[in-house]
Amino acid sequence: NYFSGKIPATGWSTSLETLNLASNKLTGEVPWSNLGNLKSLNVADNDLEGMIPDEAFTSFVELCASNNRLEGTIPEVMTGTVLPVSVMDLRGNLLSGTIPDSYVAAVNCQSGVFNRFLMSSNNLEGTIPAGFGSHCLDMSLKRLMLDDNLLTGSVPSLNALTSLEVLTLQKNPLTGPLPSMNQMYGLVMLGIGLRADVPHVPYENFPGDANPRVFILSTDSQDGAFPVDCIAKMSNLFINTIVTQNFLCMRVVLCLKYGE
């Protein structure tokens with residue numbers, strides 16, 4: 001069964017800390033100001049709309065609201081603020097504006113706190129904050145997903161993030177070469193865009209044949225040609241799956257059109 005209709009605006013206990021309403025058929029707006037003292041809210045995979053208030057970006061420990069039609073902008077944060085955010089998953093919405101440097105600077109650097117920042121498939125613009133590559137996030141940040149936005153400029157150095165497992169940057173109008181990732185030993189999945197200044201998968205930038213194990217590739221090439229060097233560089237240690245806009249390649253020999 002699925003819950004449908006709107007999320008009630010009243011009746012929520014002030015002692016309630018976690019609320020999971022994911023994967024239902026809820027509509028309307030989230031009654032953000034009436035949810036008591038929630039620390040964790042999951043409303044992913046519904047049909048919710050409306051604005052996400054600034055407070056939602058700064059007060060929740062975990063906010064998962066992916067795959068809705070929510071709007072909003074990530075707010076600037078005052079110097080000296082320490083955010084409690086551990087998981088911010090707003091993929092597949094209608095967010096706009098930039099990712100403020102002050103917001104990234106305010107995340108809690110204590111080991112294991114700031115874990116996932118997932119903003120794929122929105123309308124975010126501007127540059128990727130260099131603060132994501134801070135040494136203080138080395139033992140915390142595990143997933144950084146910024147793909148399918150309007151982000152510009154070059155990719156900052158993220159080499160300090162030796163524990164980062166997932167990094168997706170593809171389908172953005174980024175420029176410049178991909179920085180070295182030779183210290184990112186934890187990287188399992190990497191999404192990048194192939195373009196004039198990154199014409200090939202830059203294997204020399206990675207820590208070894210075993211990392212990363214999954215590539216997600218996009219291309220601005222009009223012919224959508226499969227990047228043949230992906231196959232040529234693969235070994236038994238190197239991996240398993242490559243996904244592009246048009247193709248799925250598993251192991252070394254099987255190439256299929258993606259979606260078939």
Side-chain angles (χ1 to χ4, degrees), residues 57 60-64 66 74 82-92 95 98-122 124 126-149 151-172 174 176-194 198 201-218 230 233 237-243:
F57 289 96
F60 283 103
V61 174
E62 296 184 359
L63 175 58
C64 301
S66 58
I74 303 171
V82 179
L83 300 177
V85 177
S86 175
V87 175
M88 186 63 61
D89 183 359
L90 296 173
R91 292 170 293 170
L95 300 186
T98 65
I99 305 173
D101 292 322
S102 63
Y103 187 89
V104 178
V107 299
N108 192 332
C109 281
Q110 184 178 345
S111 178
V113 176
F114 186 60
N115 187 266
R116 281 175 278 169
F117 190 76
L118 314 179
M119 294 289 165
S120 307
S121 301
N122 280 285
L124 297 174
T127 58
I128 300 172
F132 279 126
S134 170
H135 283 278
C136 74
L137 295 179
D138 177 23
M139 300 306 294
S140 296
L141 192 57
K142 301 295 185 184
R143 298 184 183 185
L144 178 59
M145 302 183 71
L146 302 176
D147 56 284
D148 195 17
N149 278 286
L151 298 171
T152 55
S154 59
V155 179
S157 174
L158 303 172
N159 218 14
L161 302 180
T162 59
S163 299
L164 190 69
E165 298 171 354
V166 176
L167 174 63
T168 58
L169 303 172
Q170 75 278 6
K171 299 179 73 173
N172 280 292
L174 296 166
L178 199 66
S180 176
M181 298 181 178
N182 62 4
Q183 299 300 311
M184 298 175 70
Y185 293 99
L187 199 60
V188 175
M189 178 184 291
L190 174 65
I192 58 173
L194 299 182
V198 187
V201 179
Y203 296 96
E204 66 279 2
N205 287 20
F206 307 131
D209 282 346
N211 299 85
R213 293 198 288 269
V214 178
F215 278 111
I216 304 172
L217 304 175
S218 67
C230 291
K233 292 284 187 178
L237 292 176
F238 200 87
I239 225 79
N240 300 328
T241 307
I242 293 177
V243 181

Practice task
Evaluate side-chain contact (heavy atoms from CB on, under 4.5 Å) for Leu63 paired with Val87, printing each intermediate quantity in order.
Solution key: CA-CA 6 Å; Leu63 175 58; Val87 175; over 6 Å; no
Exercise for the section: Under the side-chain contact (heavy atoms from CB on, under 4.5 Å) rule, what do Met88 and Glu62 come out as? Steps first, then yes or no, please. Expected result: CA-CA 6 Å; Met88 186 63 61; Glu62 296 184 359; over 6 Å; no
Practice task
Kindly determine whether Thr168 and Ser120 satisfy side-chain contact (heavy atoms from CB on, under 4.5 Å), including the steps that lead there.
Solution key: CA-CA 8 Å; Thr168 58; Ser120 307; 4.1 Å; yes
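Shown here for Ser134 and Leu161, the closest heavy-atom pair between the two residues is O-CD2, 3.9 Å. When all heavy atoms of Ala130 and Pro156 are compared, the closest pair comes out as CA-CB, 3.9 Å. Of all heavy-atom pairs spanning Gly131 and Leu137, the tightest one is O-CD1, 3.8 Å.
Residues Val85 and Val61 form no side-chain contact, since every pair of their non-hydrogen atoms from C-beta on lies 4.5 Å or further apart. The shortest side-chain heavy-atom distance between Pro84 and Asn108 does not fall under the 4.5 Å cut-off. Residues Leu164 and Lys142 fail the side-chain proximity criterion, which asks for heavy atoms closer than 4.5 Å. Contact of the Met139 side chain with the Ser163 side chain is registered, since non-hydrogen atoms from C-beta on lie closer than 4.5 Å. Ile74 places none of its side-chain heavy atoms less than 4.5 Å from the side chain of Thr98. Using a 4.5 Å cut-off on side-chain heavy atoms (C-beta onward), Phe117 and Leu146 make contact. Proximity of Leu95 to Leu90: side-chain heavy atoms (C-beta onward) are separated by under 4.5 Å at one or more points. At least one side-chain heavy atom of Asn159 sits under 4.5 Å from a side-chain heavy atom of Met184.
Using a distance-only test at 3.5 Å, with no hydrogens or angles considered, a donor-acceptor pair links the side chain of Asn149 to the main chain of Met119. Distance alone, capped at 3.5 Å, places no donor-acceptor pair between the Asp147 side chain and the Leu169 backbone.
Scanning for side chain to side chain donor-acceptor pair (under 3.5 Å) contacts around Asn205 gives an empty result, with sequence neighbours left out. Residues that satisfy the side chain to side chain donor-acceptor pair (under 3.5 Å) test with Ser157, not counting sequence neighbours, are absent from this structure. Residues forming a salt bridge (Lys or Arg N to Asp or Glu O under 4.0 Å) with Arg143 (at least two apart in sequence, or on another chain): none.
Classified by interplanar angle (parallel below 30°, tilted 30° to 60°, perpendicular above 60°), the ring pair Phe114/Phe132 is parallel.
Side chain to side chain, Ser86 and Asn115 fail the donor-acceptor criterion of an N or O pair below 3.5 Å.
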